[in-house]
S.K.: 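Encoded as structure tokens, here's the structure I'll be asking about.
Whatever order the structure lists ligands and atoms in, that order sets their numbers, starting from 1.
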Amino acid sequence: MAIARPLSERVEQIVRATPVHDIHTHLYDPAFGSLLLWGIDDLLVYHYLVSEGFRQFDIPYDSFWSASRTQQADWIWKALFNDHSPLSEACRGILTVLQSLGLEPRHSNLTQLRSWFAAQKPADYIDRILQLANVASVCMTNSPFDDEERPLWDRGFSRDPRFRAALRIDPLLVDWPRTSARLRTWGYDVSSDRSPRTAAEVRRFLADWTRRLNAGYCMVSLPPDFSYPADTDTAWLMREAVLPHGRELGQAFALMLGVKRAVNPALRLAGDGVGRSNLDALQNLCAANPDNRFLVTVLSRESQHETVVLARKFRNLHPFGCWWFTNTPQLIEEITTLRLELLGTSFTPQHSDARVLDQLLYKWDHSRSVLSRCLTRKYTDLAASGWLVRDEEIQRDVTELLGGGFDRFVRS
Ligand code: RAT
Ligand code: ZN
């Protein structure tokens, strides 16, 4: 008689074998060349590690930033791997990456690791990482306001279908005075008057870029005190331009809520913080705009429960990911369990937020472990109530959670 495999093994095997559609990253189509980061030095100077490095070394900020990338990586390696145990999630991530690639950091120094990465051919390496991480596609973060990437979109290039686009519009919504001036130089007839003409021109800008990128959704990150409705440029632009644009083009709008930008500017990209979001704004948006679809991720742990309850009330709201400071195993476990218990499978548990290609290896390895544990516990609870889950049902649920449900939501 065949011995039944333990539920935990069945779940883990399915979660690991199911390709994921990674719905938010900062990776670039290979056509962007050096904007697509990879290799040991880029891994080590990841801003999550930079902020941890500064807790251990006393190098002045200016000296750190004026040093070469290799020197910065050396400092971080010494502080976080040699002088202390690499216990943090971002440090452990480096080890998982090296291990997945068959490299042994205990038996090699940084120079040896560097030569290994230098010997990789980019195109093959990209294939290898996506395959090893079992990632079917990644969604980029594409900003028309980024001077490095805009020229390539303007020129056009042959797209790698594994790299999907998302239209990122933070400067439009959080820095309207400066952004309106830029829009004018690009031929959009906008002014600071909050007039119908200005709104129509902003919609034209959004439509142009949506088509240029073939953007799957539009996205913004906002501070904890974002309010809606409100007598602010942000709220006005949303009501008169972003939301009508979403309805016209059938495009979902992703809100990433709760980031306090530049809490410590000396840390640059690593200097952003977190605050509890005013989620009345999200409720008002969902209630007032039933024909818009909203994706949401919130940065503070304290905002997670309220967000999930809102998603129960509004079917035009789809929670996604454990963002940034919540992308740690314990919080992923807590947030994913909370979501499963209140939403079933109608959410997307994770995105990687990878900025360096190789990070896909650790972000998905670690998240898949946690997701497997959460699902196993819930299926075990069902079994205790007499519902024995079948493999094809586990597969259906996992496919939904690893991008299938998200795809349906953004396309509906
Ligand atoms: O997680 C990160 O890398 C952050 O710096 C942010 O990029 C954040 O994910 C964002 O998209 O604003
Ligand atoms: Zn991000």
S.K.: At a non-hydrogen distance cut-off of under 4.0 Å, which region of Arg168 contacts ligand 1 (side chain, backbone, both, or neither)?
M.R.: side chain
S.K.: Show your working on side chain to side chain donor-acceptor pair (under 3.5 Å) between Gln395 and Thr18 and close with a plain yes or no.
M.R.: CA-CA 8 Å; Gln395 181 64 71; Thr18 305; 3.0 Å; yes
S.K.: About how large, to 10 degrees, is the angle OD1 of Asp353, then the Zn ion (ligand 2), then NE2 of His24?
M.R.: 90°
S.K.: If only side-chain N and O atoms count, and only distance matters, is there a donor-acceptor pair under 3.5 Å linking Glu149 with Asn142?
M.R.: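 Judged by distance alone, the side chains do pair up.
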S.K.: I'd like to know if the side chain of His24 pairs up with that of Asp22 as donor and acceptor (distance under 3.5 Å, no hydrogens or angles considered).
M.R.: no
S.K.: Within ligand 1, which atoms have a heavy atom of Arg261 less than 4.0 Å away?
M.R.: 12 (O)
S.K.: Specify whether His47 and Trp324 have parallel, tilted or perpendicular ring planes, treating 30° as the upper limit for parallel and 60° as the lower limit for perpendicular.
M.R.: perpendicular
S.K.: For ligand 1, indicate whether the residue Met219 contacts it via side chain, backbone, both or neither (heavy-atom separation under 4.0 Å).
M.R.: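 Met219 to ligand 1: no contact under 4.0 Å from either part.
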S.K.: Would you check the N or O atoms of Ser221, main chain and side chain alike, for any that come under 3.5 Å of an N or O of ligand 1?
M.R.: no
S.K.: Between Trp323, Tyr48, Phe325, flag the one that comes closest to atom 1 (O) of ligand 1 by a heavy atom.
M.R.: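 Among Trp323, Tyr48, Phe325, the closest heavy atom to atom 1 (O) of ligand 1 belongs to Tyr48.
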S.K.: Which of the numbered atoms in ligand 1 are under 4.0 angstrom from any heavy atom belonging to His24?
M.R.: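 Listed by number with element, the hits are 9 (O), 11 (O).
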S.K.: Under 3.5 Å, N or O to N or O, is Tyr46 touching ligand 1 that way?
M.R.: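 No, no N or O pair falls under 3.5 Å.
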S.K.: Nearest heavy atom to atom 3 (O) of ligand 1: which of His26, Met256, Arg355 does it belong to?
M.R.: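 Selected option, by shortest heavy-atom distance: Arg355.
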S.K.: Testing Phe320, Phe253, Phe406 one by one against Tyr217 for a ring pair (Phe, Tyr, Trp, His ring centres under 6.0 Å), which residue passes?
M.R.: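 It is Phe406; the other options fail the test.
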S.K.: Is the closest heavy-atom distance from Thr141 to ligand 1 below 4.0 Å?
M.R.: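 Thr141: no contact with ligand 1 (<4.0 Å).
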S.K.: Shortest non-hydrogen contact from Ile129 to Leu357?
M.R.: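 Looks like CG2-O, 3.6 Å.
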S.K.: Quick one: do Asp154 and Arg212 make a salt bridge, cutoff under 4.0 Å?
M.R.: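 Judged by the 4.0 Å cut-off on N to carboxylate O distance, Asp154 and Arg212 do form a salt bridge.
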